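These notes concern the structure reproduced below.
The figures that follow rest on heavy atoms only: side chains count, while hydrogens, waters and symmetry mates do not. Here the structure is a predicted model, which means the values were calculated and not measured. Residue numbers begin at 1 in each chain, while the letters A, B, ... track the order of the sequences.
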Amino acid sequence: MVQHFSPPKSLHSNRLGAAFYGRPTAVVAKELIGKALLHHVDGQWLGGWIVETEAYLDQGDPASHSARGKTASNASMFSDPGTLYVYPIHAKHCLNAVTQPADQGAAVLIRAIEPVWGLDVMRRLRGYDDVRRLTRGPAMLCQALQIDRGDDGRCLVSDERIGVFTDSIPRVPVIRATKRIGISKAKHRNLRFVDVNSEYLSRKVE
DNA sequence: TAAACGATCTGCT
DNA sequence: GCAGATCGTTTAT
C-alpha cells in the first residue's frame, strides 16, 4: 500500500484556532480527542490522531507545573492559548497545548496519538518498526514528531509547520475520563481523557 | 553545590 | 510487573 506523506487537504482548511484553545482546560482536553496533531519536518508531515490527553488546571491543581507560579522553565505555559509548552522530564520531552486566556498557566498534555502520517520517518526517529511503539506515550510521541525543548513556545495556531486539525469526515471517538497518569498530587481527579477504543493508549482504561 | 524529584521509557522476568 | 537509566529543575544545606 502506498504511504502518503501529506495530510488530506481537508485538514489544511480545518486548523484549530485560538478560540478553540482559549476555553476551560478540561473542555479543550476532551475535545482534542479525535483531532489530528501534525508537525512538518524536512518536507514531510508527521503525526496522527490524538487519542489521549490530560488537563492541568490553572488554580487548585497541585499536579500542574504552574502550581507554584511562573518560572523561567514553565514561562510558555503562561503564554497565549494555542502556544506549545514543551518541558523536559527523565531525559525526554512532553508537549502541551496552552489553554484559557494568557497568564493563567493552564494547559493540556497530549499523551498519545494514533500514528498516521510519516510512519517511516517516525519509525526512524523512534528506532522501532512496530507502529505500536511509535507514539504510545507523551515522550514517545515527542520523539516520533521530532519535538524537543527547542520547540517550546511555538504557536499551534499561527505556525504553518505545526498545528492541530479536524477532518471533514469527523472521527467519533468514545471518550472516557479517568485518573491522570504518573502524578503524586491530586490523584483522584478525572482529568485524563481517552478514546476507549484506541489501540494506542499509554495505559489501558480500568 | 549537593541532593532529590519527576506529567517517562525500556528491557527483562 | 518491576527495577534501572537518565538529566534538567527545584529544593535543601
Side-chain angles (χ1 to χ4, degrees), chain A residues 21 24-30 32-33 37 46 48 50-79 81-100 104-115 122-154 156 164 175-195 198-206:
Chain A
Y21 300 100
T25 307
V27 173
V28 177
K30 183 177 181 180
L32 278 172
I33 303 297
L37 172 66
L46 311 180
I50 297 169
V51 295
E52 179 178 345
T53 62
E54 285 179 358
Y56 286 89
L57 310 181
D58 55 320
Q59 292 182 344
D61 184 1
S64 175
H65 289 175
S66 63
R68 296 178 201 215
K70 188 176 179 178
T71 66
S73 57
N74 70 8
S76 64
M77 200 174 172
F78 292 80
S79 192
T83 298
L84 195 61
Y85 167 48
V86 182
Y87 69 90
I89 184 169
H90 293 287
K92 301 175 178 65
H93 294 92
C94 299
L95 74 89
N96 299 251
V98 176
T99 59
Q100 304 190 163
Q104 292 192 358
V108 174
L109 169 68
I110 299 178
R111 288 190 57 88
I113 69 175
E114 176 183 327
M122 293 195 286
R123 284 188 174 103
R124 179 167 48 79
L125 288 165
R126 287 278 300 134
Y128 297 103
D129 284 338
D130 185 351
V131 289
R132 296 285 189 86
R133 302 189 70 163
L134 297 182
T135 57
R136 214 177 165 156
M140 290 187 203
L141 78 87
C142 275
Q143 189 180 12
L145 267 57
Q146 197 169 304
I147 289 168
D148 62 24
R149 191 94 230 254
D151 298 298
D152 180 56
R154 289 176 71 181
L156 294 166
V164 180
I175 301 173
R176 188 177 302 172
T178 77
K179 293 177 175 54
R180 293 179 291 186
I181 304 292
I183 56 173
S184 58
K185 300 168 185 169
K187 288 181 175 180
H188 58 287
R189 296 198 189 194
N190 288 330
L191 290 172
R192 171 179 177 242
F193 299 90
V194 300
D195 177 351
S198 176
E199 300 292 320
Y200 295 91
L201 301 181
S202 66
R203 293 200 198 174
K204 290 183 178 178
V205 181
E206 296 171 10

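The closest side-chain heavy-atom distance from A:L134 to A:R123 is below 4.5 Å. Taking 4.5 Å as the limit, some side-chain heavy atom of A:Y85 sits within range of a side-chain heavy atom of A:D152.
The shortest distance between the side-chain N/O atoms of A:R136 and the OP1/OP2 oxygens of B:dC9 is not below 4.0 Å. Under 4.0 angstrom from either OP1 or OP2 of B:dG11 there lies at least one side-chain N or O belonging to A:Y128. Note on A:S202: every side-chain N or O is 4.0 Å or more away from OP1 and OP2 of B:dT8.
The residue A:L109 sits close to a base: some heavy atom pair falls under 4.0 Å. Note on A:A139: only backbone sugar-phosphate atoms sit closer than 4.0 angstrom, heavy atoms only; bases stay farther off. Counting non-hydrogen atoms under 4.0 angstrom, A:T71 reaches the backbone sugars and phosphates but no base. Looking at heavy-atom distances under 4.0 Å, A:R203 makes no contact with the nucleic acid at all. Note on A:R192: nothing from the nucleic acid sits closer than 4.0 angstrom, heavy atoms only.
Atom OH in A:Y87 sits roughly 13 Å away from atom P in C:dT9 (whole-Å rounding). Rounded to an integer number of Å, the gap from A:H65 NE2 to C:dT10 C1' is 11 Å. Separating the OH atom of A:Y56 from the C1' atom of B:dA7 is a distance of 4 Å, rounded to the nearest angstrom. Distance, A:D152 CG to C:dG8 P: 15 Å, rounded to whole Å. Remark: C1' of B:dG6 and CD1 of A:I181 are 15 Å apart, rounded to the nearest angstrom. Rounding to whole angstrom units, CZ of residue A:R133 and C1' of B:dC9 are separated by 9 Å. The CZ atom of A:R68 sits 13 Å away from the P atom of B:dC5 (whole-angstrom rounding). One can place CG of A:L84 at 15 Å from C1' of B:dA7, the figure rounded to the nearest angstrom.
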Could you walk me through whether A:E54 and A:R180 pass the salt bridge (charged side-chain N to carboxylate O under 4.0 Å, His left out) test, one step at a time?
CA-CA 7 Å; A:E54 285 179 358; A:R180 293 179 291 186; 5.5 Å; no
Using the side chain to side chain contact (heavy atoms under 4.5 Å, CB included) rule, take A:L37 and A:L141 through it: C-alpha gap first, then chi angles, then the decisive distance, then the call.
CA-CA 10 Å; A:L37 172 66; A:L141 78 87; 4.1 Å; yes
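If A:S184 and A:Q143 are placed on DNA chain B by their nearest nucleotide, the residue sitting closer to the 5' end is A:S184. Along DNA chain C, the nucleotide nearest to A:P88 and the one nearest to A:K92 differ in position, and the one closer to the 5' end is contacted by A:K92. Nearest-nucleotide positions on DNA chain B for A:M140 and A:V108 put A:V108 closer to the 5' end.
Nearest to the side chain of A:A91, among B:dT10, C:dC7, B:dT8, sits C:dC7.
Residue A:L95 forms a side chain to side chain contact (heavy atoms under 4.5 Å, CB included) with just one option from A:D148, A:L156, A:I110, and that option is A:I110.
Residues A:G137 and A:A112 share a closest heavy-atom pair of N-CB, 4.2 Å.
Nucleotide B:dA3 forms a Watson-Crick or G-U wobble pair with C:dT10, both donor-acceptor distances falling under 3.5 Å.
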